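Here is the structure we will look at.
Here is how names work: the chains are called A, B, and so on, in the same order as the sequence lines, proteins then strands, and each is numbered from 1. Fair warning: this is a prediction, and the values are worked out from it, not measured in the lab.
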Protein chains: 2
Amino acid sequence: MENIKVSKTKKVLKGDILLSHGDIAKYGFRVKSGCLKSYVIDNAGKEHILQFAPEDWLIGDMDSATNKKPSVIFIDAIEDSEVSFISTSDFGDFHSLEKELLAEMSIKLRNNLIATNKRIISLLSATAKERYIEFTNTYPTLVQRLPLKLIASYIGITPEYLSDLRRKISKSQKK
Amino acid sequence: MENIKVSKTKKVLKGDILLSHGDIAKYGFRVKSGCLKSYVIDNAGKEHILQFAPEDWLIGDMDSATNKKPSVIFIDAIEDSEVSFISTSDFGDFHSLEKELLAEMSIKLRNNLIATNKRIISLLSATAKERYIEFTNTYPTLVQRLPLKLIASYIGITPEYLSDLRRKISKSQKK
DNA sequence: CACACTTCTTAAGCTATCTTAATTTTTATC
DNA sequence: GATAAAAATTAAGATAGCTTAAGAAGTGTG
């Protein structure tokens, strides 16, 4: 999607909120530098991270943008970032798009779907420890860069329990 | 994808396996009648259901088909079914496809991605009880039709615990 | 460099969910 | 419609992962 219409580029600061629960998504975001996250907040007020978007990643709420419905997610900057805005009017009607662009979009959607399915497999069938190790293998650069509590949130456990797991893992490696 | 190339139609019996762990997926499947499921088997030998595919649904292993890699999933018939085979060569190179078909594929991929993301939100942020109630609301016809143990597997719990939950739910409704 | 703030760790007790195993109910088959 | 097979239930004991709380270790900022 290098050639998709991009309306503007903007600098955002760590902590800035680009999309809030209840908003109707008018834009998706392409991250030029820095890192964004998308997440939900559950009934108990706990945050659960859906996606990290470092350099060159896209992030947005496709459901809200496509169906013009209030978003259930938030998108924030977790580092100072530079972000370009992708108008979601492009998402609405695929039939009006160029063939070339459609093919690229299909590929991105397909790859995203494959990755998302892997995450479901992981959530259904792997233990917390296995999911953590899988995360470190899949996103080694993010592990360096992100606070552990965000990684815990992404893999579906508490930071305290992740801390336990890491201690157990490093203990078992020492021998 | 009504107009995608479909090589053949075939009747399959309950229990028949259409794709096995280790296979490279040569076909996706469109279900004409009956119902298929896709699932993984974890290290402990437990089955975890990724998808149900009743009438008019598509099911397959996109990762295996796209990347010509051995599948990590199985696809079986859970009822006697009639199924048409979709050649996965269509998946490989999007650029060679008709524009109209690409637009339809993009829409299907997008909708699938939206649904898949909802499932991740549910797995991360909802309790087992909430996930069960959500399932019954989202797929009321499947609830009638499928054994509870398959639903338990789909929402990520054991059949015994689902049984407990159902008892608690019906007890709390009686008052 | 000191203060505040965030992140990380540790530990004890707790709960949602699992395991095992036996029993009952439902469904399919000859 | 009897028998076998599959599905669902029940219950007791086990455990992975959570909660709470407090302290330690980083990190940024004036």
Side-chain angles (χ1 to χ4, degrees), chain A residues 13-16 34-35 37 39 41-49 52 76-80 122-136 142-172 174, chain B residues 13-16 34-35 37 39 41-49 52 76-80 122-136 142-172 174:
Chain A
L13 296 177
K14 179 173 171 170
D16 283 357
C35 192
K37 68 176 176 188
Y39 59 99
I41 294 185
D42 70 17
N43 300 329
K46 300 252 152 80
E47 174 178 320
H48 304 275
I49 295 181
F52 297 114
D76 296 2
I78 55 186
E79 298 173 359
D80 293 348
S122 182
L123 286 169
L124 287 175
S125 67
T127 63
K129 184 176 171 184
E130 289 165 343
R131 297 201 301 277
Y132 172 64
I133 291 170
E134 200 176 315
F135 186 93
T136 62
L142 289 182
V143 175
Q144 316 270 47
R145 188 170 166 184
L146 300 177
L148 289 171
K149 64 174 199 163
L150 296 186
I151 295 170
S153 170
Y154 183 93
I155 64 179
I157 65 177
T158 60
E160 294 83 0
Y161 189 52
L162 178 55
S163 194
D164 275 7
L165 287 177
R166 283 162 50 84
R167 181 164 28 131
K168 280 175 199 156
I169 290 167
S170 75
K171 207 178 290 177
S172 73
K174 253 177 232 155
Chain B
L13 296 177
K14 179 173 173 172
D16 283 356
C35 192
K37 68 176 176 188
Y39 60 99
I41 294 185
D42 70 18
N43 301 328
K46 299 252 152 77
E47 174 178 321
H48 303 276
I49 295 181
F52 296 115
D76 296 2
I78 54 186
E79 299 173 359
D80 294 349
S122 182
L123 286 169
L124 286 175
S125 68
T127 63
K129 185 176 170 184
E130 290 165 341
R131 295 202 303 278
Y132 172 64
I133 290 170
E134 201 177 315
F135 186 93
T136 62
L142 288 182
V143 174
Q144 317 269 47
R145 187 169 164 182
L146 299 177
L148 289 170
K149 63 173 201 165
L150 296 186
I151 294 171
S153 169
Y154 183 92
I155 65 179
I157 65 177
T158 60
E160 294 84 359
Y161 189 52
L162 177 54
S163 193
D164 274 8
L165 288 177
R166 283 163 49 83
R167 183 163 28 133
K168 281 175 199 156
I169 290 167
S170 74
K171 207 179 288 179
S172 74
K174 253 178 233 154

Would you mind telling me which of [options] lies closest to the side-chain atoms of [X]?
| X | options | value |
| --- | --- | --- |
| A/Lys46 | D/dT19, C/dT17, D/dA16 | D/dT19 |
| A/Ala128 | D/dT19, D/dG17, C/dC8 | D/dG17 |
| A/Leu148 | C/dC18, C/dT9, C/dT7 | C/dT9 |

Starting at atom [atom1] of [X], determine the distance to atom [atom2] of [N], rounded to an integer number of angstrom.
| X | N | atom1 | atom2 | answer |
| --- | --- | --- | --- | --- |
| A/Leu162 | C/dT7 | CG | P | 14 Å |
| A/Ile151 | C/dT9 | CD1 | P | 11 Å |
| A/Asp80 | D/dG28 | CG | C1' | 12 Å |
| A/Ile78 | C/dT7 | CD1 | P | 11 Å |
| B/His48 | C/dT17 | NE2 | C1' | 14 Å |
| A/Tyr161 | C/dA16 | OH | C1' | 13 Å |
| B/Glu160 | D/dA11 | CD | P | 14 Å |
| B/Asp164 | D/dA12 | CG | C1' | 11 Å |

Check against side chain to side chain contact (heavy atoms under 4.5 Å, CB included), A/Lys37 and A/Leu146: CA-CA 11 Å; A/Lys37 68 176 176 188; A/Leu146 300 177; over 6 Å; no
Chi angles and distances behind the side chain to side chain contact (heavy atoms under 4.5 Å, CB included) call for A/Glu79, A/Arg145: CA-CA 10 Å; A/Glu79 298 173 359; A/Arg145 188 170 166 184; 2.8 Å; yes
Minimal non-hydrogen separation, A/Ser153 against B/Leu124, with atom names: O-CD2, 4.3 Å
With a 4.0 Å limit, can you tell me whether [X] has a side-chain N or O closer than that to the phosphate oxygens OP1/OP2 of [N]?
| X | N | answer |
| --- | --- | --- |
| A/Arg166 | C/dT9 | yes |
| B/Ser163 | D/dA8 | no |
| A/Thr158 | D/dG17 | no |
| A/Arg167 | C/dA11 | yes |

Most 5' of B/Ile157 and B/Lys14 on DNA chain C, judged by nearest nucleotide: B/Ile157
A/Asp80 (side chain) donor-acceptor with A/Lys14 (main chain) under 3.5 angstrom: yes
Touch class at under 4.0 angstrom, heavy-atom based, for B/Gly15 against every strand present: nothing
Residue whose closest nucleotide on DNA chain D lies nearer the 5' end, A/Leu165 versus B/Leu146: B/Leu146
B/Glu47 vs B/Leu150, side chain to side chain contact (heavy atoms under 4.5 Å, CB included): CA-CA, chis, key distance, verdict: CA-CA 9 Å; B/Glu47 174 178 321; B/Leu150 296 186; 4.3 Å; yes
